[in-house]
2 protein chains.
Amino acid sequence: MNQISLSGLPLGAPLYQEVKRKIMESLRSGEWKPGEIIPSEKRLGERFGVSIGTVRKAVDELVAENILIRHQGRGTFVTSHTHDRYVFAFFHIIGQDGHKEYPKVELQAFASIKADADMAQRLGIRTGSKLFRLTNRLSIAGKPLIVDDIHVPERSFPHLTAETVRNRPGTLYQLYQDNFAVAVLRTEERLRACLADERLASLLEVEVGAPLLHIVRLALSFNDLAVELRHSYVNTAHHEYFAEEHQ
Amino acid sequence: MNQISLSGLPLGAPLYQEVKRKIMESLRSGEWKPGEIIPSEKRLGERFGVSIGTVRKAVDELVAENILIRHQGRGTFVTSHTHDRYVFAFFHIIGQDGHKEYPKVELQAFASIKADADMAQRLGIRTGSKLFRLTNRLSIAGKPLIVDDIHVPERSFPHLTAETVRNRPGTLYQLYQDNFAVAVLRTEERLRACLADERLASLLEVEVGAPLLHIVRLALSFNDLAVELRHSYVNTAHHEYFAEEHQ
DNA sequence: CAGTGGTCTAGACCACCCT
DNA sequence: GGGTGGTCTAGACCACTGG
């Protein structure tokens with residue numbers, strides 16, 4: 001059996017992994033916040049007692065994971081959720097021409113509910129825990145395109161209200177980040193085809209029984225903590241879900 | 001306007017990019033074939049007249065792109081399509097339990113056709129060019145799961161026959177690689193929901209009008225050369241398409 | 001101009017694999 | 001043991017940014 005140190009890294013782990021872990025710890029603790037600059041590589045090397053090359057290797061990995069961003073001549077910054085970034089990273093729906101356009105969002109419903117077994121299992125919480133449930137309708141060019149049923153644990157988003165959601169300046173993930181210090185770093189999506197029921201048909205202005213793309217998205221933060229469970233129903237008559245695989 | 005050198009890289013490009021380009025050129029030319037070992041980093045440094053660190057940076061990127069694989073103590077190897085690799089990299093369908101199982105494949109049809117405008121545009125060839133069209137049916141536990149309509153340019157796969165396809169030892173991508181020196185490096189997939197027509201209903205043993213996941217996959221090789229266009233129709237009653245996004 | 005990240009070098013030492 | 005990739009260092013120089 002492998003020995004594991006308190007940090008969660010194997011004993012004798014590379015120095016740069018230790019540095020990376022320490023940087024992530026500072027990010028998680030809020031020492032450096034989204035959008036802010038972090039110390040220069042030289043200073044980080046001094047702080048952790050390693051050479052610049054070792055800091056670079058740690059930062060390289062965090063940049064590859066889109067947690068940090070380097071700007072030559074300016075410095076290294078903590079990645080921040082912005083509208084453009086959201087559209088680039090997490091919004092996978094494109095038009096038939098391959099063009100990506102972010103839709104207009106209308107909040108349809110906001111409620112406090114209790115997690116059923118499926119939700120609880122996916123979110124890693126106890127069945128019966130309190131959740132907020134939001135329903136959004138997304139439209140492009142005035143035509144409904146997507147219905148999102150979004151579930152977030154109340155515990156992570158205390159005192160969230162429909163007004164807060166409705167009046168947010170940017171995307172929902174920006175709201176999570178700015179108002180609740182919850183950083184969405186990664187998503188897992190599971191897709192299937194389904195048929196529109198009456199509610200979806202009405203919201204999406206399609207016939208009952210029309211084919212829809214059903215996406216179950218789990219959004220994760222540091223340490224793979226699940227922060228949001230989202231069911232999206234997409235009318236793919238004139239739009240598609242795009243995915244790329246680099247072997 | 002930026003100046004571009006003959007190699008396609010901007011003038012004054014980093015040395016390691018030039019090294020990377022030269023390594024890829026050797027891969028494309030077949031100097032090092034899939035599964036084979038390439039020269040050690042020390043030898044590559046001597047060959048290209050750069051330090052080991054620079055070679056490492058070039059190889060790092062090719063490893064990140066899954067074109068090369070490093071094995072500590074053994075050497076660096078050209079990535080080869082194997083069954084496991086295919087399942088890991090390109091087969092995105094998982095069971096409801098999250099388990100990935102590769103299906104049994106039956107060739108249903110094999111024909112020579114001419115590219116229509118849509119196929120030609122996606123494959124980057126002329127309308128009317130000759131294509132092979134293969135139809136596969138994939139089943140798990142004896143139940144039909146996926147129908148694949150596969151189109152490849154005859155030019156890239158001379159003298160391909162149904163027998164060659166039927167008697168291949170591994171996956172289709174292994175056949176491309178081993179018999180035609182065509183390496184699939186990357187795929188782009190576009191997903192939508194559709195309804196089963198009579199042919200699909202019959203092949204997948206579902207009702208006409210059942211919802212299916214329709215995947216249009218474009219497989220690409222070096223220089224983003226399109227090598228295969230594949231329409232997959234998936235019965236997602238008990239399986240899902242899985243995608244992950246790292247912010 | 002000073003400070004930052006980006007590139008490149010040269011070499012040391014380690015862990016690992018094969019023979 | 002000899003060769004390989006993996007880590008780490010120390011320093012030089014370049015390109016870019018901002019004041």
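Convention: sequence-line order gives letters A, B, ...; per-chain numbering from 1.
Partners of B:Arg166 according to the side chain to side chain donor-acceptor pair (under 3.5 Å) rule, which considers only residues two or more places apart in sequence or in another chain, do not exist here.
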side-chain hydrogen bond (donor to acceptor under 3.5 Å, both in side chains) between B:Thr82 and B:Gln174, intermediate numbers included: CA-CA 6 Å; B:Thr82 64; B:Gln174 279 175 267; over 6 Å; no

Residue pair A:Glu163, A:Arg168: steps toward the salt bridge (charged side-chain N to carboxylate O under 4.0 Å, His left out) verdict: CA-CA 8 Å; A:Glu163 280 59 47; A:Arg168 70 183 186 277; over 6 Å; no

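One interatomic measurement links the two molecules: CZ of B:Arg70 to P of D:dG5, which rounds to 8 Å at whole-angstrom precision. Rounded to an integer number of Å, the gap from B:Lys42 NZ to D:dT4 C1' is 11 Å.
Put simply, the side chain of A:Val227 does not reach to within 4.5 Å of the side chain of A:Ser156, judged on heavy atoms.
No salt bridge links B:Arg217 with B:Asp148; every basic N to acidic carboxylate O contact stays at or beyond 4.0 Å. Salt-bridge formation is detected for the pair B:Glu46/B:Lys42: a Lys NZ or Arg NE/NH1/NH2 atom is positioned less than 4.0 Å from an Asp or Glu carboxylate oxygen.
A donor-acceptor contact closer than 3.5 angstrom links the side chains of B:Glu189 and B:His92. Side chains of A:Thr187 and B:Glu244: a donor-acceptor N/O pair is absent below 3.5 angstrom, by distance only. Defined by atom type and a distance below 3.5 Å, a donor-acceptor pair is missing between the side-chain atoms of B:Glu41 and B:Thr76. Counted by atom type alone, B:Ser26 and B:Ser29 present zero donor-acceptor pairs between their side chains at under 3.5 Å.
The list of ring pair (Phe, Tyr, Trp, His ring centres under 6.0 Å) pairs with a residue in residues 28-75 of chain B, not counting sequence neighbours, reads B:His71-B:Phe77.
Against DNA chain C, the stretch residues 47-62 of chain A makes heavy-atom approaches under 4.0 Å through A:Arg56.
Aromatic ring centres of B:Tyr86 and B:His81: separated by at least 6.0 Å. A:Tyr173 and A:Phe90 have their aromatic ring centers within a separation under 6.0 angstrom.
The rotation axes computed at either terminus of the helix from C:dC1-D:dG18 to C:dC18-D:dG1 lie 10° apart, taking five pairs at each end and rounding to 10 degrees.
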Which atom pairs link the protein and nucleotides 15-19 of chain D when you take only N or O atoms and keep those under 3.5 Å?
{"unit_1": "D:dA15", "atom_1": "N3", "unit_2": "A:Gln72", "atom_2": "OE1", "d": "3.2"}
{"unit_1": "D:dC16", "atom_1": "O4'", "unit_2": "A:Gln72", "atom_2": "OE1", "d": "3.4"}

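Heavy-atom contacts of chain A under 4.0 Å fall on DNA chain C between two terminal nucleotides, which in 5' to 3' order are C:dG3 to C:dT7.
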